[in-house]
Structure formats: structure tokens, C-alpha cells
Amino acid sequence: MSTAVISNRINALSESQTIQMNQKSRELQDSGVDVINLTLGEPDFNTPEHIKEAAIKAINDNLSHYPPVAGFPALKQAVVDKLAKDNGLEYSPSQIVISAGAKHSLANVLQCIVDAGDEVIIPAPYWVSYIELVKLAEGTPVIIEAGVETKFKITPEQLEASITSKTKAILFNSPSNPTGSIYDADELKALAAVLEKHPHIYIISDEIYEKINFVGKHVGLAEFAPLKERTIVINGASKGYAMTGWRIGYIAAPAEIAKAVTKLQGQYTSGVCSIAQAASIQAFIGDQQCVEDMRVAFNKRRDLVLDNVKDIPGFIVAIPDGAFYIFPDISSYFGKSNGEHVINTSMDMSMYLLEKAHVASVPGSAFGSNNCVRFSYAAADELLVKAFQRVKDALAQLQ
């Protein structure tokens with residue numbers, strides 16, 4: 001089909017490089033190559049049993065009719081209770097909207113608050129979909145770059161310099177995908193002080209990796225009282241409860257934004273799968289030991305990976321404080337070659353490692369940081385050790 005048939009907004013949309021690299025690795029695997037895939041951002045654990053049992057009960061109880069657009073009252077209340085208990089934030093159920101994953105929640109919010117020409121500040125490195133979702137909302141992304149030397153965290157001065165009269169929102173992510181960086185309370189306080197001076201700016205706080213934190217209690221920007229009434233918290237069940245395929249995300253937002261998102265969702269998708277919602281109620285109100293067990297496992301894997309990459313020449317690694325990624329700066333290899341492959345970009349590096357080491361990664365260019373490459377360590381210990389030995393051996397061939 002000719003691209004002339006397709007709308008301009010879709011023709012202008014970039015494909016996800018995460019999905020592209022995962023597809024390339026699968027194609028190699030299907031041809032018989034032993035590929036270790038470290039591309040996708042999802043826990044490799046199964047959904048906990050008590051959550052699955054809640055879904056089975058919902059099926060047996062014939063919970064099979066259209067759910068409310070904004071989510072079942074019991075699930076919205078479970079989210080309200082979670083936010084009060086874990087984050088010290090008070091919301092009413094009317095301020096909660098359940099959507100088909102945190103990505104859907106984010107897309108809904110952007111469609112509801114961004115008009116053509118509005119600027120949305122996005123710290124880089126950023127998650128792959130941020131730029132494209134802002135573009136779909138006809139907004140203008142304004143990128144603030146941060147490098148490995150600051151653990152990929154922006155400064156208050158950078159934030160202040162990026163704000164204009166056209167700034168509608170900042171899209172903020174901590175713990176971060178792709179870096180694993182976490183802003184501590186003092187760093188957030190300094191950013192909050194800047195945002196307090198600009199009351200026209202909404203804060204969209206993506207906290208989907210909240211539960212995978214290796215350095216202490218999670219802190220979000222909504223916890224700073226002057227910002228709460230213009231902060232939209234984005235979260236869900238995917239990462240903390242190993243429920244990526246269940247597609248449950250939520251927003252906690254000012255009432256007028258929650259109402260607008262419900263209006264939009266009523267026309268686009270209606271309510272989210274009733275069985276997935278029933279399972280998610282149990283995720284939020286049930287035994288949380290499963291969350292802690294996974295967090296501990298990811299912390300151990302983080303340490304294992306750091307131990308295996310510390311001797312790789314040319315890898316500059318900021319120690320990740322959460323999530324399940326490392327994001328090494330590999331720019332020291334730019335200009336080098338093994339006689340067949342020349343490395344000039346992060347995509348070159350990811351393709352080289354896929355073809356030569358049979359390890360799949362995601363180029364940092366997908367996240368707005370061409371000097372880096374993302375590896376997920378949501379994989380078994382033995383695969384991680386094997387993968388980074390392969391990486392080390394392949395890099396040793398570059399001169």
C-alpha cells in the first residue's frame with residue numbers, strides 16, 4: 001500500500017526500536033542462532049499465583065460484561081488505598097482512571113492536555129514512546145540532555161532554561177527506563193522548586209518502575225504539596241507485579257483531567273478487560289511479598305551484571321539504582337572496526353553485538369542518547385554471565 005494512503009500523523013511516526021531489535025533477534029533465533037535477547041523491558045518472572053487465581057475466579061464468576069469506562073470501583077479504590085499507603089497521597093476514586101497499560105494512560109493524558117504547538121519538556125535519555133506520543137498529540141518535544149557523568153539526571157538550571165510560555169508539561173520518569181537512575185528526595189525538591197515558579201506547567205510523572213528500587217523509599221513529584229494539584233501520576237501493574245501482558249495502567253490526576261481522560265477513553269477503547277482488572281485488584285490489595293522477592297532478585301542481577309561489565313574496556317557505566325537496565329556509554333568505540341563492521345553510532349554497536357556476539361540490545365539513539373546502548377538484565381543469571389562474556393569478546397576485536 002502506498003504511503004500516500006496513510007495519514008501524515010502515522011507516516012511521521014517512528015517505529016519502536018525496542019520492538020525492531022527484538023524482532024531482529026527473533027529472526028536470528030528462528031534461523032538457528034543462539035541469541036541472548038536483552039532487549040525487552042519486562043520481568044522474566046511469572047505473574048504471582050494469588051493474582052492468577054483472582055483472574056480464574058473472575059472467569060468462573062462470569063465477570064464478562066462491559067466494565068465501567070474508568071475502571072471497576074473496587075480497582076479504583078485499591079489504587080486510592082495504594083497511593084495513600086505507599087506514597088502518602090490522598091485521592092478520591094473519581095481521580096483515578098484505569099487504562100490498558102501505562103503507555104495507554106500516558107497517551108490519554110497527552111491527548112487531553114496538549115494542543116498543537118504546546119511544548120512538552122522531556123529529559124533525555126527518555127523512554128522510546130515519549131517523543132512519538134507527544135508528536136501524535138501535535139505537541140513539540142523539548143529535550144533536556146543528561147549524560148553518564150550526572151547519572152543521566154537533569155539539573156534545576158537545565159529545567160529552568162527549557163521553560164517557555166509555550167511549555168504545557170514536563171514528562172518525568174523515575175526510576176528511569178532506560179538508565180535505571182532514580183532522583184533522590186533532595187534532587188526532586190530542587191526540581192520542584194523550579195516548577196513551583198511556573199504554575200502553567202503540568203507534571204506527568206511516570207512511576208511504572210516504582211517497585212523496583214534498590215536505594216530506598218520511592219519519592220515522586222506529586223509528594224511536593226505545591227505540585228500535587230497539577231501532577232498526573234502514571235503507574236500500573238506491569239513491572240512490579242510481572243503483569244506486562246495483562247495491560248493494566250492507571251492515572252491519579254486532578255479531577256478535570258481524570259474526567260477528560262474518561263471521556264476520551266469512552267470513545268477510543270471503553271473500559272479495560274474485566275478479568276485483568278479483577279486480577280489487578282488482588283495485585284494491589286494482596287500479599288506484597290512477591291513484589292519484594294522480585295525486587296531482591298533484580299538487585300542481585302544488577303550486582304552480577306556490574307561485576308561482569310566492570311572489566312570491559314571502554315564501557316562507562318552509571319550504577320543503576322532501580323528498574324532492570326544498564327545503559328553504558330560506548331562512545332569510546334566510535335570509529336573502531338573489526339575489518340568488517342565500523343562502529344559510528346549506537347545502532348552500529350547494537351547491530352555488531354547482535355551479529356558478532358549474538359547478544360541483542362537496544363541502541364541508545366532510541367532513547368535520545370546515541371552514545372549509549374541499553375541492556376535489560378531481566379534474564380537468568382547464567383544467561384547474563386554468558387551474554388556479557390560474549391560482549392567482551394566481541395568488543396576486543398574492535399581496533
Side-chain angles (χ1 to χ4, degrees), residues 42 47-48 50-59 61-87 89-113 127 129 133 171 173 202 204-211 220 222 228 231-286 288 291:
E42 66 173 337
T47 301
H50 66 287
I51 298 173
K52 293 190 288 187
E53 288 167 5
I56 293 168
K57 183 177 186 303
I59 293 171
D61 288 347
N62 296 306
L63 195 69
S64 54
H65 301 283
Y66 285 131
V69 170
F72 284 125
L75 179 53
K76 294 171 70 174
Q77 186 61 53
V79 171
V80 166
D81 294 343
K82 177 265 175 222
L83 290 164
K85 178 182 176 182
D86 293 352
N87 310 102
L89 296 171
E90 298 298 324
Y91 289 94
S92 68
S94 64
Q95 294 177 275
I96 309 299
V97 182
I98 310 299
S99 301
K103 182 187 288 190
H104 184 203
S105 297
L106 175 59
N108 280 344
V109 169
L110 289 169
Q111 289 293 329
C112 286
I113 70 171
W127 181 50
S129 293
L133 290 177
L171 214 173
N173 178 214
Y202 283 100
I204 305 171
S205 185
D206 180 352
E207 303 178 22
I208 191 65
Y209 289 92
E210 171 191 6
K211 298 293 186 180
K228 181 176 181 291
T231 297
I232 303 109
V233 176
I234 308 278
N235 210 327
S238 295
K239 311 300 183 180
Y241 297 93
M243 294 177 66
T244 52
W246 298 78
R247 308 313 303 137
I248 293 291
Y250 66 80
I251 67 165
E256 67 273 16
I257 291 177
K259 184 177 180 180
V261 166
T262 302
K263 180 181 180 181
L264 173 65
Q265 190 160 291
Q267 295 293 355
Y268 258 38
T269 61
S270 295
V272 180
C273 171
S274 57
I275 307 306
Q277 288 198 59
S280 298
I281 295 170
Q282 189 55 229
F284 291 126
I285 72 172
Q288 300 297 297
V291 177

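The first residue in the sequence is number 1, and the count goes up from there. Small disclaimer: the values here were computed from a predicted structure and weren't measured.
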- Item | Rounded distance (nearest 0.5 Å) linking atom OG of S92 with atom CD of Q77 | 9.5 Å
- Query: Does I281 have any side chain to side chain contact (heavy atoms under 4.5 Å, CB included) partners at least two apart in sequence or in another chain, and if so, which?
  - Reply: A74, L75, I285
- Approximate separation, where rounding is to 0.5 Å, of Q282 CD and K52 NZ: 14.0 Å
- Those residues at least two apart in sequence (or on a different chain) that pass ring-ring contact (aromatic ring centres under 6.0 Å, His included) with W127 are Y130
- Name all pairs fulfilling the side chain to side chain donor-acceptor pair (under 3.5 Å) condition that reach into residues 62-71, sequence neighbours left out, sorted by first residue then second. none
- Grab the two heavy atoms, one from G71 and one from I98, that are nearest each other, plus how far apart they are. CA-CG1, 3.9 Å
- Query: Among side-chain atoms of T47 and W246, is any donor-acceptor pair under 3.5 angstrom?
  - Reply: yes
- Indicate the atoms forming the closest heavy-atom contact of L89 with A222, along with that distance. CD2-O, 3.4 Å
- Task: For the residue pair Q111 and V261, establish whether any side-chain heavy-atom pair is separated by less than 4.5 Å.
- Result: no
- Item | Distance (rounded to the nearest 0.5 Å) between S280 OG and I51 CD1 | 7.5 Å
- Heavy-atom side-chain proximity of N235 to Y250 below 4.5 angstrom: yes
- Message: Among residues at least two apart in sequence or on other chains, which ones pass side chain to side chain contact (heavy atoms under 4.5 Å, CB included) with P73?
- Response: P68
- Message: To check you understand the geometry: which heavy-atom pair defines the closest contact between L133 and A107, and what is its length?
- Response: CD2-CB, 3.9 Å
- Could I get the full list of side chain to side chain contact (heavy atoms under 4.5 Å, CB included) partners for E53, not counting sequence neighbours? E49
- Task: Report the residues that fulfil salt bridge (charged side-chain N to carboxylate O under 4.0 Å, His left out) with K57, sequence neighbours left out, ordered by chain and then residue number.
- Result: D61
- For atom NZ of K103, is the number of surrounding heavy atoms from other residues, nucleotides or ligands below 6.0 Å larger than 12? no
- For the pair E210 and D86, evaluate side chain to side chain contact (heavy atoms under 4.5 Å, CB included) and give the outcome as yes or no after the intermediate values. CA-CA 10 Å; E210 171 191 6; D86 293 352; 4.2 Å; yes
- Could you tell me which residues satisfy salt bridge (charged side-chain N to carboxylate O under 4.0 Å, His left out) with K259, sequence neighbours excluded, listed by chain and number? none
- Message: Among residues at least two apart in sequence or on other chains, which ones pass side-chain hydrogen bond (donor to acceptor under 3.5 Å, both in side chains) with S99?
- Response: N108, Q265
- Message: Donor-acceptor pair, distance only, cut-off 3.5 Å: does the side chain of D206 make one with the backbone of I208?
- Response: yes
- Please round to the nearest 0.5 Å and tell me the distance separating atom CD1 of I204 and atom OG of S105. 11.5 Å
- When rounded to the nearest 0.5 angstrom, what is the spacing between CG in L171 and CG in L106? 5.0 Å
- Query: Is there a donor-acceptor pair closer than 3.5 Å between any side-chain N or O of K228 and the backbone N or O of E90?
  - Reply: yes
- Task: Can you measure from SG (C112) to CG (L264) and round to the nearest 0.5 angstrom?
- Result: 4.5 Å
- Task: Of all the heavy-atom pairs spanning T262 and V69, show the shortest one and how long it is.
- Result: O-CG1, 3.4 Å
- Message: If the condition is salt bridge (charged side-chain N to carboxylate O under 4.0 Å, His left out), which residues does E207 pass it with, not counting sequence neighbours?
- Response: none
- Message: Between K76 and P93 (side chain of the first, backbone of the second, donor and acceptor by atom type, cut-off under 3.5 Å), is there such a pair?
- Response: yes
- Task: Could I get the full list of side chain to side chain contact (heavy atoms under 4.5 Å, CB included) partners for E256, not counting sequence neighbours?
- Result: Y202, P254
Atom pairs and distances, donor-acceptor, side-chain atoms in residues 266-279, under 3.5 Å, two or more places apart:
{"unit_1": "S274", "atom_1": "OG", "unit_2": "L63", "atom_2": "O", "d": "2.6"}
{"unit_1": "Q277", "atom_1": "OE1", "unit_2": "F72", "atom_2": "N", "d": "2.8"}
{"unit_1": "Q277", "atom_1": "NE2", "unit_2": "V272", "atom_2": "O", "d": "2.9"}

- Should I96 and L83 count as side-chain neighbours, where that means a heavy-atom distance under 4.5 Å? yes
- Message: Looking at every non-hydrogen atom in both residues, tell me the closest pair between I251 and A258 and how far apart they are.
- Response: CD1-CA, 4.3 Å
- Which pair of non-hydrogen atoms, one from S238 and one from R247, has the smallest distance, and what is that distance? OG-NH1, 3.7 Å
- Sequence neighbours excluded, which residues qualify as ring-ring contact (aromatic ring centres under 6.0 Å, His included) partners of Y91? none
